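Single-structure report; data block below.
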Amino acid sequence: FQPPPIGADGTEFKGGELWLFHEVTLDRKRLGTLFLLVDATYLKARFVRYLAIAALVFIGALAGAYLLSVALQRIVSRPILGLAEVARSVAKDQDYSLRAHKVSEDELGQLYDDFNEMLVQIHTRDVALRQAQDQLEERVRQRTAELEAANRRLQEEFVQRQRAEKEIQLLAEAIRCSNDCVSITDLDDNILFANESFCRTYGYAAPELFGRPISLVRPGKDAAGKVIGVRAAALQGFWRGELLDCRKDGVEFPVWLSV
């Protein structure tokens, strides 16, 4: 064996061998250099063994992780996925009567119970809200029907009032234009209305008659008594007979009177 030339302190691989140079000193004086030669074949074999062991450990860890994930999927993932599926169905269909079926009594089971309790509360509020909405719609329908009925009654009353007003206008025009003498008095026998024929026949202008007693056109001292007698009979329903009336100029004339 021929040692190589002395090199710097350190290690290096050469030709499948490991060379190690290390300076030897005593009292800061260099005595020599230690040279160590190691066959790297053994190291490579050990490295390969360690690498194989590491690979086997890694593969075993992967297999263990896979088996653990399968077991955890049955224990954790599937219940959570089932809970998520129920949540999606509730969000999609707005059906709060759905419930998640608990599969265990652990923390996931408690999560299922809390989720179902939340659905119960939401479902109760949703039912109450729908009932209140239905009641409100029913009240609105009833109120609308009442308003429509009231509107129809108002329309009918309006039509009847228009018809009555038209009939009154026609009657008033007929009385005004009638050739018969027509007058209207209150219960105290004061004149409220006299048509043109009345004014023309008795010789009075309309303003001269309004508010005056009807005895104005009854001649004689007993005019008031005649008026009272006619009124008393008319209040029983009807009076008709012949009287002697007087014009404004004092001319008396007989009339056939209906009260």
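Every value quoted in this text rests on a predicted model; they were computed, and no experiment measured them. Just so it is clear, the values below take in all heavy atoms, side chains as well, and ignore hydrogens, waters and symmetry mates.
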Val255 backbone acceptor or donor facing Asp245 side chain under 3.5 Å: no
Are Arg125 and Leu129 side-chain neighbours, meaning at least one heavy-atom pair lies under 4.5 Å? no
So does Arg130 pair up with Asp134, basic N to acidic O under 4.0 Å? no
Arg139 versus Leu136: any side-chain heavy-atom pair under 4.5 Å? yes
Is the shortest distance from a Lys or Arg side-chain nitrogen in Arg143 or Glu146 to a carboxylate oxygen in the other one below 4.0 Å? yes
Considering only heavy atoms from C-beta outward, does the side chain of Leu209 approach that of Leu216 to under 4.5 Å? yes
Is the CG atom of Leu147 crowded by more than 12 outside heavy atoms at less than 6.0 Å? yes
With a sphere of 6.0 Å drawn around CZ of Arg161, does it hold more than 12 non-hydrogen atoms of other residues, nucleotides or ligands? no
Any donor-acceptor pair under 3.5 Å from Ser69 side chain to Tyr66 backbone: yes
Minimum-distance pair of heavy atoms, taken over all atoms of Phe198 and Val182: CB-O, 3.9 Å
Any donor-acceptor pair under 3.5 Å from Asp189 side chain to Pro213 backbone: no
When you compare the side chain of Phe238 with that of Val259, does any pair of heavy atoms fall below 4.5 Å? no
Please determine whether a side-chain nitrogen of the Lys or Arg among Arg247 and Glu252 lies less than 4.0 Å from a carboxylate oxygen of the Asp or Glu. no
Would you say the side chain of Asn190 lies within less than 4.5 Å of the side chain of Thr185, judging by non-hydrogen atoms? no
Under the salt bridge (charged side-chain N to carboxylate O under 4.0 Å, His left out) rule, what do Glu173 and Arg176 come out as? Steps first, then yes or no, please. CA-CA 5 Å; Glu173 185 65 17; Arg176 187 183 67 82; 2.4 Å; yes
So Gln135 and Glu138, do their side chains get closer than 4.5 Å, heavy atoms only? no
Rounded to the nearest 0.5 angstrom, the OG1-CG distance for Thr33 and Asp9 is 7.0 Å
Any side-chain heavy atom of Leu171 sitting closer than 4.5 Å to one from Glu167? no
Is the distance between the ring centroids of Phe210 and Tyr204 under 6.0 Å? no
Can you find a pair of side-chain heavy atoms, one from Cys246 and one from Val217, that are under 4.5 Å apart? no
Does any N or O in the side chain of Gln121 come within less than 3.5 Å of the main-chain N or O of Met118, such that one atom is a donor and the other an acceptor? no
Asp249 side chain to Val251 backbone, donor-acceptor under 3.5 Å: yes
